[in-house]
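Throughout, a chain's letter reflects where its sequence line sits, starting with A, and its residues are numbered from 1.
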Amino acid sequence: MKQSVRESAIRTFEIVRAVGRVTFLEIIRDKVLYNIAVISFLLLGAGILASRLAILKQDRVILDFGLTALTLSCMLVAVLCGAGMLGREFDRRTVYVALSRPVSRLQFVAGKFAGLAAVVALNWLLLAAAYIALLALAAHGGFGQLAGGTFFCALFLVLAQALMAGALAVFFSSFTTTSLAVVFTAGVWIIGSNVSQLRWLAVKTGGGLGGALDVLALMIPNFEYSNLGLKVTYGVPVTWLYMTASLAYAVFVVLLAVLLAGMLARGKEG
Amino acid sequence: MRRCPARASAASNTSTPLLPLPAACTTLADTAMPNMLEVEKVDQHFRCGFLMRRTQVLHAVELRVPAKSIFGFLGPNGAGKTTLITLIAGLRKPSSGVIKVGGHDATGTAARMKTGYLPERPYFHDHLTGEGLLKYVGTLSGMSRPKILARIPKVLSLVGLTEARRVELRKYSKGMLQRIGIAQAILHDPEFLVLDEPMSGLDPLGRKEMRELIVGLAAGGRTIFFSSHIITDVEAICDNVAVINKGRMIGCGPIGEFLSKGPVKTEIAFAGVDAAAARGIDGLEQVREMPDGIRALVPGQEAVGRALTQLLDLKARILWVNPVRPSLEEIFEQPAGGRRAP
């Protein structure tokens with residue numbers, strides 16, 4: 001029994017790795033990826049220009065611009081590449097080759113997400129390296145003073161946030177079109193990044209609408225947990241417990257979205 | 001997104017069997033060979049359109065394919081061939097009924113390990129090389145890496161793509177794509193091959209090569225089930241066929257028996273007689289002047305002798321006399337009353 005579970009786990013890992021590798025190679029040939037990367041590097045550069053225009057806290061401007069550029073870039077890659085992934089496989093019927101083998105749709109979807117996650121992580125790594133290099137070169141007050149523990153925690157949580165968005169894009173793409181999946185994911189991200197405002201609004205409105213807003217705030221993935229923008233700007237420290245809880249939450253959202261996508265993909269033609 | 005198989009969805013209840021349909025469509029019923037494929041009372045329906053209307057595509061399809069045979073699956077475009085094939089390949093479960101491959105449920109792991117599948121107009125990730133695609137499908141088939149690496153050269157050599165193994169699939173011709181499609185289907189050495197329109201879009205040389213490849217694969221003891229809407233492709237390599245139209249099995253048996261139910265025509269080519277005189281001959285139709293003489297069609301077997309006698313009386317030089325195979329469409333278009341009794 002134990003042996004069979006182990007074999008099954010190894011087999012699943014092999015399938016996820018094989019599908020993920022093919023997906024990774026497919027995405028990195030996509031021109032959209034390079035357009036996003038170029039825009040992100042330009043945004044990083046724009047931070048330096050904007051800092052020259054600021055009278056005070058010039059280093060903070062570079063810091064904020066950089067973090068925003070990194071977040072936007074990772075989110076765009078995750079959402080734009082993730083939303084079209086499953087639909088393209090089914091439309092072009094490349095999925096037939098995989099699903100006619102002893103491969104479940106959940107394993108296939110997990111593999112697709114793994115490939116997307118690898119691309120997002122690579123994009124994050126390159127941009128984060130460029131960002132850190134830029135800070136080291138351009139910060140007037142010294143890199144160490146600017147980029148503390150909170151800064152590095154924020155960098156990791158940007159990746160977690162992008163992976164959550166990517167998983168949601170894959171989930172939406174399992175039952176709708178690419179363009180709608182982009183719209184839905186962007187909508188969930190925007191609302192999910194403002195959950196505290198949603199709760200505040202629920203308290204202010206009260207009654208049935210307030211209750212509905214409360215339920216929405218509870219159900220929608222909370223992206224605020226992985227947004228340390230203000231804490232980075234003001235240098236507020238982050239505890240290990242907060243980091244662990246935020247990462248665990250991100251992992252939970254990713255697993256749930258991929259699981260649901262795998263179940264919903266069964267209904268797709270193929 | 002679900003696609004509605006439009007033509008099959010227009011299934012009517014007017015299909016009349018061309019050949020007697022046994023309780024289950026088994027072509028080699030008398031042989032002791034076990035069945036590789038068993039399809040029992042399979043219905044398939046889809047929900048289409050904004051109102052999600054239920055459209056039935058397959059109607060109580062029954063079929064049995066003996067092991068180690070080459071079995072042709074004929075039907076016009078939109079008849080439901082690909083729908084049934086996707087069910088056989090285990091890509092989805094039928095709405096009702098049972099499909100078994102080698103005694104196992106078609107959607108289960110055991111059946112899929114036994115099956116190799118070539119989709120219609122195969123689409124692969126075109127950024128992969130031929131070798132890369134085979135490594136990918138080998139892993140998905142549960143093969144170990146050493147086994148994959150040992151098997152790839154053999155399979156590529158069998159389909160004649162050894163030279164192109166490191167070329168990206170986007171640079172492959174249509175014929176090469178079909179051959180790499182066969183290669184990925186046989187990589188894990190399956191007992192049962194399901195080929196959906198393997199000759200589709202190939203030129204005459206490509207079709208010939210594909211026929212030879214299929215015969216070669218069958219010689220290795222595999223069971224081959226392949227679909228086509230072109231009779232000559234099936235006739236060349238299969239002894240037995242099943243025929244589907246509008247989602248219903250309408251015939252099953254030896255191909256020759258099936259063809260004899262179609263309109264029988266004979267083409268006569270001759271020289272030494274002018275076209276005007278030829279048009280006056282009783283029984284000759286569609287008289288066409290060609291550089292090497294005249295060709296004409298004679299409907300029915302009985303008129304051939306009469307037409308030939310008249311031509312010889314006119315001192316014509318007979319170039320050839322050929323039976324003309326009816327197309328599937330011609331057979332299906334016949335009024336039911338016009339068919340011979342089975």
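- In this structure, B/Arg145 and A/Glu14 have side chains that are not in contact, with every pair of non-hydrogen atoms separated by 4.5 Å or more.
- For the atom pair OH of B/Tyr123 and CZ of A/Arg92, the computed distance is 10.5 Å after rounding to the nearest 0.5 Å.
- Atom CD of A/Glu26 sits about 8.5 Å away from atom CG of B/Asp126, to the nearest 0.5 Å.
- The most heavy-atom pairs under 4.5 Å with chain A, out of B/Gly108, B/Ser141, B/Ala111, come from B/Ser141.
- A donor-acceptor distance shorter than 3.5 angstrom exists from the side chain of B/Arg112 to the backbone of A/Leu99, with no hydrogens or angles considered.
- Between B/Tyr136 and A/Val19, some side-chain heavy-atom pair lies under the 4.5 Å cut-off.
- For B/Leu140, the parts lying near chain A are the backbone and the side chain together; criterion is any non-hydrogen pair under 4.5 Å.
- Atoms OG1 and CZ, on B/Thr139 and A/Arg21 in that order, are 9.0 Å from each other to the nearest 0.5 Å.
- For B/Ala110, no part lies under 4.5 angstrom from a heavy atom of chain A.
- More than 12 heavy atoms of other residues, nucleotides or ligands sit less than 6.0 Å from atom CZ of A/Arg88.
- The ring pair (Phe, Tyr, Trp, His ring centres under 6.0 Å) contacts involving residues 18-44 of chain A comprise nothing, where partners must be two or more places apart or lie in separate chains.
- Counting heavy-atom pairs under 4.5 Å between each of B/Gly132, B/Gly116, B/Gly142 and chain A puts B/Gly142 at the top.
- Note: B/Thr109 leads B/Leu133, B/Thr115, B/Thr109 in heavy-atom pairs under 4.5 Å with chain A.
- Neither the backbone nor the side chain of A/Gln107 comes within less than 4.5 Å of any heavy atom in chain B.
- A/Arg101 contributes atom CZ, which lies 7.0 Å from atom CG of B/Leu187 (distance to the nearest 0.5 angstrom).
- Between B/His127 and A/Val22 the shortest heavy-atom distance is NE2-O, 3.3 Å.
- Counting heavy-atom pairs closer than 4.5 Å to chain B, the top-ranked of the candidates A/Ala18, A/Pro102, A/Gly111 is A/Pro102.
- More than 12 heavy atoms of other residues, nucleotides or ligands sit less than 6.0 Å from atom CZ of A/Arg29.
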